[in-house]
Amino acid sequence: MNNPHGIPVLETTLSAAPLAPRYAALGAPYHQPVATTPLTQPRLLHHNSALAHDLGIDADAMQSPALLATLAGNSPWPGYASHASVYAGHQFGTYVSQLGDGRALMIAELGTQDGRRLELQLKGAGATPYSRGADGRAVLRSSIREYLCSEAMHALGVPSTRCLSLIGAADLVFRETTETAAVVCRVSPSFVRFGHFEFFYHRGMHQHLAPLADHVIDEHFPHLHAHERPDRYAAWLGEVIERTAHLMAHWQTLGFCHGVMNTDNFSILGLTIDYGPFGFMDAFRQHHICNHSDGEGRYAYSAQPEIGQWNCSRLLQATLPLLSGSPEQAVEIAQEIHARYAPAYSQAALRRWADKLGLIEVRADDANLLNELLTILHRGRSDFTRSFRHLSRVRTDVNAPAHGVREEITDIAAFDAWITRYRTRLIAEQNTNDTARAMRMNRVNPKYILRNHLAQAAIEQAQQGDMAELGRLVNLLAHPYDEQPDNEHYAAEPPADQRHLEVSCSS
Ligand code: AMP
Ligand code: MG
């Protein structure tokens, strides 16, 4: 492991060849070299062996002191100069002209076994020129939440950044209370955000928009033949807008609330990124606000699709110079692209909701059927995940009791009336039966989600130095759609005293 000089050599632990950097090759003014700040007594608390394997890092390597040092930010990835990128963004509707990687540093660009490229970023690796006076660190609590949720989202099938490792340290970090520092290694094909484009647009540095867009298109939208199509930027932006709409549909149908949907937290690839005060809803409330710091509910559950659309309009504004030399024509093209959001969202959402109801076809009245159910769940504050999961047990036979789901409901009379309409609708489906439908529904209505109280229990144990619950949750959430008889209690509603845990922007 060590060379004769006692310096850990990382290359020997990796089978995947490091790739020629592409994002790093963009250079200034997109990002600048910043060294990571070492942590004291770093300890690998958990790692993602499947993702490590994908990256050509075997089990021994993952446990090696050399890789620990690198993933803690205590030594650089050989041959790669870590860097922080600059971006801006609309935070809670207000434009902030400079944000940037204040505590995230890109430490490597790697290839996977099957030929994809992935970028590695350490979140919490120390201050950067974009820290705006903050400490550049992340606390164990928020790092565990990001680690758990990004992998839970991946297993649910939701596009997301991922996490390779979670490292704890002895350093103290001051938030509302004193906590200990931690760092996660985030992994994504790209960390480019809407806010990257906003930075160059609003500063009048329009000449820097095209190289960044070309990089994103060449690397991540290769089918658009970056330099051949005259309308390549319009085609690309259209896809970004649609991906964003699809992501919002995905979040809504899983009861996931992001919490801080600022444009700097929106991925150009339509991935879920920046896990902060997020939350999966337990009791269903249309206007559920998961972020305690979001008093006005700008990012409430019901507002998410519209905010996604608003964020797309901010991206289109920032990329106007790419669309045409004529400002009027650029606006016209941008409006056409923007118009793709609403139908993309409606179509994706309707399809996903129909899947949750077990409907193969989508019919004209299905939106009403769905809304009636959501109203019943909302009024009774029924558990969102449990209600949909149990719905698969409803039989078309009118004499079969609606086990499970009925127990989640408060207004039984309204629900029984709804079930009658639902059964009629199910019977109208062709070529399917109760068993086949239940199987389909259980593949889209998860049994296990990262409920806040579950994350909290793992955090509290980890803060005492015990990682067992964290490990159990990682394993549980890797199979969210499976029945796991030994883990039934993880699918329960939170106990009464843990229903209103507060999560805020503090991380
Ligand atoms: P967020 O609300 O986490 O998306 O962060 C908004 C901005 O604040 C980003 O530019 C972050 O990099 C920066 N930021 C958040 N927390 C810290 C911190 N502890 N140290 C430095 N920068 C931070
Ligand atoms: Mg952020």
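We're numbering straight along the sequence, starting at 1. Order of listing sets the numbers, starting from 1, for every ligand and every atom in it. What you see below is based on every heavy atom in this structure, not just the backbone, and it leaves out hydrogens, waters and symmetry mates.
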**Student:** Between Asp101 and Ala84 (side chain of the first, backbone of the second, donor and acceptor by atom type, cut-off under 3.5 Å), is there such a pair?
**Tutor:**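 No, Asp101 side chain to Ala84 backbone: no donor-acceptor pair under 3.5 Å.
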**Student:** Between Tyr233 and Ser324 (side chain of the first, backbone of the second, donor and acceptor by atom type, cut-off under 3.5 Å), is there such a pair?
**Tutor:** no
**Student:** Sequence neighbours excluded, which residues qualify as salt bridge (charged side-chain N to carboxylate O under 4.0 Å, His left out) partners of Arg193?
**Tutor:** Asp274
**Student:** Between ligand 1 and Asn265, is the shortest N or O to N or O distance under 3.5 Å?
**Tutor:**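 Checking ligand 1 against Asn265, an N or O pair does fall under 3.5 Å apart.
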**Student:** For the pair Glu306 and Met248, evaluate side-chain contact (heavy atoms from CB on, under 4.5 Å) and give the outcome as yes or no after the intermediate values.
**Tutor:** CA-CA 9 Å; Glu306 218 171 294; Met248 295 306 108; over 6 Å; no
**Student:** Closest non-hydrogen protein atom to atom 14 (N) of ligand 1, residue and atom name please, with distance?
**Tutor:**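 For atom 14 (N) of ligand 1, the nearest protein heavy atom comes out as Arg103 NE, 4.2 Å.
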**Student:** Considering non-hydrogen atoms of the protein only, which is the closest contact for atom 12 (O) of ligand 1, and what is the distance?
**Tutor:** Gly102 N, 2.8 Å
**Student:** Just to verify, what does Ser143 make a side-chain contact (heavy atoms from CB on, under 4.5 Å) with, not counting sequence neighbours?
**Tutor:**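 Partners of Ser143 by the side-chain contact (heavy atoms from CB on, under 4.5 Å) criterion, ordered by chain and then number, come out as Ala138, Leu166, Ala182, Val184.
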**Student:** Between Asp466 and Gln461 (side chain of the first, backbone of the second, donor and acceptor by atom type, cut-off under 3.5 Å), is there such a pair?
**Tutor:**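 Between the backbone of Gln461 and the side chain of Asp466 there is no qualifying donor-acceptor contact (under 3.5 Å).
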**Student:** Atoms of ligand 1 less than 4.0 Å from Asp135 heavy atoms?
**Tutor:**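 Those of ligand 1 that fall under 4.0 Å from Asp135 are 18 (C), 19 (N), 20 (N).
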**Student:** Let's go through Tyr275 and Ser150 carefully: what are the C-alpha distance in whole Å and the side-chain angles of both, what is the deciding distance for side-chain contact (heavy atoms from CB on, under 4.5 Å) to 0.1 Å, and is it a yes or a no?
**Tutor:** CA-CA 8 Å; Tyr275 291 89; Ser150 59; 3.5 Å; yes
**Student:** Got a sec, which pairs hit side chain to side chain donor-acceptor pair (under 3.5 Å) with one end in residues 125-134, sequence neighbours left out?
**Tutor:** Gln32-Tyr130
**Student:** Need the ligand 1 atom indices (1-based, order shown) with element for anything under 4.0 Å from a heavy-atom of Leu99.
**Tutor:**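 Matching atoms, with element in brackets: 10 (O).
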**Student:** What atoms in ligand 1 come closer than 4.0 Å to a heavy atom of Asp274?
**Tutor:** 4 (O)
**Student:** Please check if the side chain of Asp171 supplies one atom and the backbone of Leu39 the other of a donor-acceptor pair under 3.5 Å.
**Tutor:** no
**Student:** Flag Val260 as yes when one of its N or O atoms lies below 3.5 Å from any N or O atom of ligand 1, and as no otherwise.
**Tutor:** no
**Student:** Among Arg132, Arg137, Arg175, which residue places a heavy atom closest to atom 8 (O) of ligand 1?
**Tutor:** Arg132
**Student:** Among all protein heavy atoms, pick the one closest to atom 6 (C) of ligand 1 and tell me residue, atom and distance.
**Tutor:**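 Going atom by atom, the protein heavy atom closest to atom 6 (C) of ligand 1 ends up being Gln91 NE2, 3.7 Å.
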**Student:** Of the options Pro305, Cys312, Ser267, which is the one that meets Thr244 in a side-chain contact (heavy atoms from CB on, under 4.5 Å)?
**Tutor:** Cys312
**Student:** With 2.8 Å as the threshold, which protein atoms of type N, O or S lie near the Mg ion (ligand 2)? Leave waters out.
**Tutor:**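 Short answer, with waters excluded from the count: Asn265 OD1, Asp274 OD2.
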**Student:** Considering distance alone, does some N or O of Gly136 sit under 3.5 Å from an N or O of ligand 1?
**Tutor:**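 Yes, Gly136 has an N/O under 3.5 Å of an N/O on ligand 1.
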**Student:** Which of the atoms of ligand 1 are close to Tyr87, meaning less than 4.0 Å from one of its heavy atoms?
**Tutor:**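 Near Tyr87, meaning under 4.0 Å from one of its heavy atoms, ligand 1 has 9 (C), 10 (O).
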**Student:** Does any N/O atom on Gly100 come nearer than 3.5 Å to any N/O atom on ligand 1?
**Tutor:**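 Indeed, backbone or side chain, Gly100 has an N or O that close.
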**Student:** How close do Ala35 and Ser82 get, counting heavy atoms only, and between which atoms?
**Tutor:** CA-OG, 3.7 Å
**Student:** Between Glu151 (side chain only) and Leu164 (backbone N and O only), is there a donor and an acceptor less than 3.5 Å apart?
**Tutor:**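 Not a single qualifying donor-acceptor pair exists.
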